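Read through the structure below, which is laid out as structure tokens, and then see the notes.
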Amino acid sequence: MDKSQSIPRWLPRRESFLGQVLHRFFKHKLAVAGLGILVLLGLVSILAPVLTPYGYDQQNVALMGQPRSPSSQHWMGTDELGRDSFTRVLYGARVSLRVGLLSALVATLLGTLVGALAGFYGHWVDPLLMRFTDVMLSIPLLPLVILLSGILHPSVALLVGIIGGLGWMSTARIVRGQFLKLRSAEYVEAIRALGGSNNRIMFRHILPNTVGPIVVATTLSVGNAILLESALSFLGLGVQPPTPTWGNLLNAAQGWLSQAPWLALFPGLFILITVLAINFLGDGLRDALDPRL
Amino acid sequence: MSVRFVFLRVLGILPLLLGVSLILFAVLHLAPGGPLDVYADNPSVSQEALREMKVALGLDKPLPIQYLAWVGAFMRGQWGYSYRTGDPVVQDIASRIPATLALGGTAFLLSLLIAIPLGILSAVRRYSALDHAVTFTSFLGISMPVFWLALMLQLLFAVYLHWLPSAGMVTIGDGSLVDRLKHLALPASILAVASVAGWSRYVRSSMTDILSQDFVRTARAKGLSERIVIYRHALRNALIPVITVVALDFATILSGAVITETIFAWPGMGRLFIDSMNGRDYPVLMGLMMLGSFALVLTNFLTDLIYALVDPRISYG
Amino acid sequence: MGILMQYRPMGGLLVGALILLGGISLAQEKGGTLTVALGYDIDTLNVYSTGYLGDVQAAVAEGLLAPDAKAQYVPVLATEVPTLKNGGIKLTDGGQKMVITYHLRPGVKWSDGQPFTCDDVTFTWEAVKNPKFIAESKDGTEDVDHIECPNSQTAVVYYKHVAPDFASTLFTFGILPKHTLEGKDLNTDSYNQKPLGTGPFVVSDWAKGQYVITKRNPLYWRKDASGQQLPYLDSIIFKIIPDANTAVTQLKSGEVQMAYNVPYSQVESLKQVAGLKILKNRILSWQHLDFNFRNPVLQDINVRKAIAYAINKEAISKALGGFPEAIDSVVLPVFPFYNPNLPKYTYDPAKAKQLLDAAGYTLGSDGIRAKGGKRLSFKIMSQSGRTNDEVAQQVIIANLKDIGIEAMPDNKAGVAFREARYKGNYDLFYSGWITSADPNYCVFFCSDGPNNGQGYSNPKLDTILKQAQNTIDPDKRKELLFQFQDILANDAVSLPITTNPSIIAVTDKLQNFVPNPTNMTNFVDTSRWWLKR
């Protein structure tokens with residue numbers, strides 16, 4: 001059977017660039033599955049209020065004192081405060097995904113900005129920014145994130161700032177590399193000769209050509225940010241309950257590990273599946289956007 | 001590679017470390033609250049004592065002076081004194097290095113021993129069932145929350161099966177090699193999971209690249225056996241790009257075992273880090289972070305050297 | 001039992017033999033090592049400067065007196081507890097000052113062989129009082145005017161005023177050895193690593209971050225009834241395991257034989273473990289919700305009372321496995337001066353809402369009440385990492401949400417937590433205090449109380465508590481402390497929530513161990529502990 005048969009018909013024709021990219025992407029079955037899972041997770045977390053009759057912090061005094069095992073009313077059981085675990089995992093997805101997406105976005109914006117400035121202007125800007133990048137890359141990431149969280153007791157917004165603010169360096173390097181390569185490319189020289197402004201050249205003409213690597217890096221850093229958030233929450237330094245995140249759900253489940261393993265199982269599995277889906281997606285995007293790798 | 005190259009590279013390290021220390025110092029000292037604030041409202045500690053303490057710790061001076069004093073202490077090699085224990089920072093940190101090295105080193109070796117063969121097998125038998133299995137497992141490995149895995153394995157091996165001790169570095173009063181290895185088994189394996197997953201992917205892709213290159217094809221065309229092609233020609237070249245990743249991960253393993261050390265009550269630097277953070281023990285935190293940075297910078301430098309050694313095209317300046 | 005039934009014909013003889021055998025097997029056996037899990041990393045082994053309660057210290061250093069399992073003081077390095085009745089306490093200056101005479105136990109030696117004398121008592125006071133010494137607690141040092149040593153075995157302590165809580169401070173924490181510490185800097189001396197004491201155990205090895213090994217003190221003064229020298233145990237090892245769940249894992253795998261402050265959630269699973277017994281230690285500790293009086297909204301007594309009525313203490317108790325019990329006074333019911341007739345804030349959300357309505361706080365569209373644009377939104381702090389507290393905190397947050405008050409968790413650990421607690425860097429604060437057998441409530445509620453982070457100041461309360469502090473007559477004290485509890489409850493200053501029992505899991509082989517409810521820890525009387533083989 002011809003492999004191209006499995007490519008949806010509605011795709012743009014494979015002759016166009018986008019068509020080629022999508023074509024390659026849809027060949028990567030795991031990546032497609034990853035994308036599907038992520039879309040589903042996103043939908044489920046947005047629709048959480050519709051999908052569950054309980055509030056994420058709604059306690060049930062009658063069920064307090066002991067987690068209850070999964071049942072028809074409580075698909076993932078309840079915790080020791082009688083809260084519905086399914087509801088908390090769903091709402092946890094909101095926070096975890098938000099932290100993941102936003103901090104990846106912050107990192108990408110910062111990284112693109114630094115990389116573009118350094119790569120485009122060169123002169124003294126480049127060495128200055130790149131030495132700063134080197135310095136930031138020379139500080140062990142996890143301890144620094146832990147340190148900042150420990151000092152600042154972060155809210156969700158601050159957490160995004162910390163994780164994103166410390167994760168821009170590799171993007172900056174990638175973008176800078178692309179800019180260095182493209183700065184002297186013929187078509188850029190041509191635009192310059194035609195009187196294009198620096199900003200215009202940078203953002204309209206060079207940046208679009210660096211999108212591939214940036215998209216891949218961003219995707220992968222969403223997964224890393226989710227893992228980082230869960231690790232921080234596990235140490236008690238992340239978002240504090242009753243607001244659920246997958247990380248602080250795991251932290252709370254720790255004490256019930258032997259009696260109520262399902263409390264740890266579900267958030268753990270959700271982290272695993274989400275990050276796995278993101279990594280597959282990233283892998284697929286890499287293949288699709290940069291066929292040389 | 002010339003002496004000049006090495007010299008220039010070494011010279012580049014100093015401003016880097018200086019920059020790192022400046023950022024760390026700023027982060028620590030611009031944070032709200034100081035280490036002595038806790039005493040401020042305690043009537044057991046008189047104002048006079050508080051002042052003396054500030055003077056003794058140098059906290060009465062403006063920040064830039066404090067920073068210079070810290071740099072001086074760092075250069076002289078005692079790195080200041082711990083606020084919590086009163087010991088020289090170097091001494092407090094040094095007492096934790098063996099534990100961290102034992103854990104990180106074991107995890108590192110374990111990762112290498114598993115990741116490289118897996119990666120080669122994967123590359124050589126590309127698109128086989130084995131390759132798919134390895135790929136999928138390594139994706140699992142990098143997507144796994146480490147502490148979750150740690151808790152699950154601790155539960156399984158220490159509580160249910162009683163095969164391994166659940167935490168600590170030695171059975172007190174034992175300390176034989178077997179006993180130490182048993183204590184190492186769980187935390188080291190868990191630390192190794194992420195590395196194995198990442199590295200085997202790198203080895204695979206690097207190996208795949210090399211196997212498709214002309215010189216390998218030539219070697220094959222010359223009629224050399226597949227084994228010789230792979231191990232004599234391809235592997236050596238394939239491992240060079242892997243070195244960077246592996247070396248950087250080694251530095252991270254050394255500084256970043258915070259979570260694993262917490263779960264397994266491992267008395268290494270990660271634990272000291274958490275305790276110092278809770279105690280706002282700035283000099284120790286500075287020392288630990290600087291050590292981590294130094295490890296990163298040093299491994300970067302060494303990989304550059306290795307690169308320059310194996311690839312004469314690389315030069316400097 | 002089965003054996004007895006089978007051999008019944010042999011009657012009395014066998015029964016006698018069995019009793020004899022039983023007697024032998026129950027006789028204390030010398031030797032053995034007990035491994036204990038400690039939930040914190042020890043900072044220093046000096047009992048005066050540590051930021052924790054001194055578990056290890058209690059097995060090594062001794063005071064003149066110590067609280068027993070019933071929180072009653074018993075003599076240790078003194079031969080009797082001084083009282084008015086036995087003449088150990090004398091009031092002077094018309095009842096304004098007091099003099100306490102301790103008769104010191106003869107023949108007691110420091111573990112290095114030097115004799116323990118009155119000079120050590122004097123030195124301890126001087127050393128702890130020294131402003132250069134940075135101590136976590138200097139309680140009691142300022143009460144003492146001077147100390148006289150008429151002979152080496154008698155210490156006469158002259159107090160500046162009457163201090164009925166004398167037994168819970170200085171000379172109970174531990175006596176410092178003059179002969180090794182005189183002229184030394186206590187902030188940095190090696191005593192902090194290897195304390196020298198008169199106690200049953202001696203620190204033989206401290207691997208930082210890992211464990212402290214204590215070994216039998218061969219020169220220990222105490223003997224059992226049969227004249228055998230104590231302690232029975234060869235060694236107690238304190239293993240540092242900061243993660244409570246790891247400690248439970250180690251209990252289950254048998255790597256430690258004792259742990260205290262076991263999370264309530266783990267009790268059920270530990271009950272299944274053969275060879276472990278679970279004890280509930282009713283420690284002298286209470287959980288409380290504090291208001292910050294610097295916050296103008298919380299200065300409104302109606303808001304405070306509304307919060308008091310909103311909190312479901314029974315639910316908190318239930319959520320914590322039923323171990324903590326709801327309370328209505330910060331004075332625990334075990335104390336003779338506990339006031340049972342206080343106004344009670346029984347869970348009544350309707351009444352809470354009424355109070356807030358009356359105070360002018362109306363419900364906004366976001367479900368939070370507000371008055372003049374000022375929302376009832378507070379930061380509520382508890383100690384992060386203390387699972388029990390965090391669970392209770394979440395019940396409180398839900399309770400407050402029900403009446404239209406938003407409470408956002410702002411939990412902290414370590415120095416940041418302690419600083420916020422003492423400086424009042426919170427709006428609401430949920431935590432617990434543990435006290436000595438003779439609590440001094442002025443520390444918590446007087447305007448100048450060092451533990452008063454709430455910023456509460458009530459001159460009337462100050463007078464009553466200061467008076468109680470200077471009253472040694474138990475009836476008079478009781479009356480004053482009743483008044484104090486009345487004011488505290490009526491003013492809704494700090495809401496007592498529950499007791500705070502500490503769950504101890506310990507090997508059933510350990511004999512003679514009785515939990516100690518005071519801040520002198522479970523290890524204050526280790527010399528009689530022994531392990532059944």
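Residue numbering restarts at 1 for every chain, and letters A, B, ... go by the order of the sequence lines. Nothing here was measured: the structure is a model prediction, and the numbers come from that model.
- In this structure, the portions of C/Ala319 lying under 4.5 Å from any heavy atom of chain A include both its backbone and its side chain.
- Checked for salt-bridge contact, C/Asp402 and C/Lys353 miss the test: no charged N lies under 4.0 Å from a carboxylate O.
- Both the backbone and the side chain of C/Pro409 come within less than 4.5 Å of a heavy atom in chain A.
- With respect to the salt-bridge test (charged N to carboxylate O, under 4.0 angstrom), the residues A/Arg83 and A/Asp57 do not qualify.
- C/Asp410 touches chain A through backbone and side chain together, each having a heavy atom under 4.5 Å away.
- No other option in A/Pro241, A/Ser155, A/Ala252, A/Gly236 has as many heavy-atom pairs under 4.5 Å with chain C as A/Pro241.
- Within 6.0 Å of CZ on C/Phe417 lie more than 12 heavy atoms contributed by other residues, nucleotides or ligands.
- With a 4.5 angstrom heavy-atom cutoff, C/Asn411 touches chain A via backbone and side-chain atoms both.
- The residue among C/Ile397, C/Leu320, C/Val395, C/Asn312 with the most heavy atom pairs within less than 4.5 Å of chain A is C/Val395.
- Between A/Arg173 and A/Asp134 a salt bridge is recorded (basic side-chain N to carboxylate O distance below 4.0 Å).
- Remark: C/Asp328 engages C/Lys313 in a salt bridge, criterion side-chain N to carboxylate O under 4.0 Å.
- Salt bridge status for C/Lys401 with C/Glu406: absent, with no side-chain N to carboxylate O gap under 4.0 Å.
- Both the backbone and the side chain of A/Gln240 come within contact range of chain C, each with at least one heavy atom under 4.5 Å from a heavy atom of that chain.
- If you measure heavy-atom distances from C/Ser269 to chain A, the contacts under 4.5 Å come from both the backbone and the side chain.
- Between C/Lys280 and C/Glu325 there is a salt bridge, since at least one side-chain N of the basic residue sits less than 4.0 Å from a carboxylate O of the acidic one.
- With a threshold of 4.5 angstrom between heavy atoms, A/Gln254 approaches chain C through its backbone and through its side chain.
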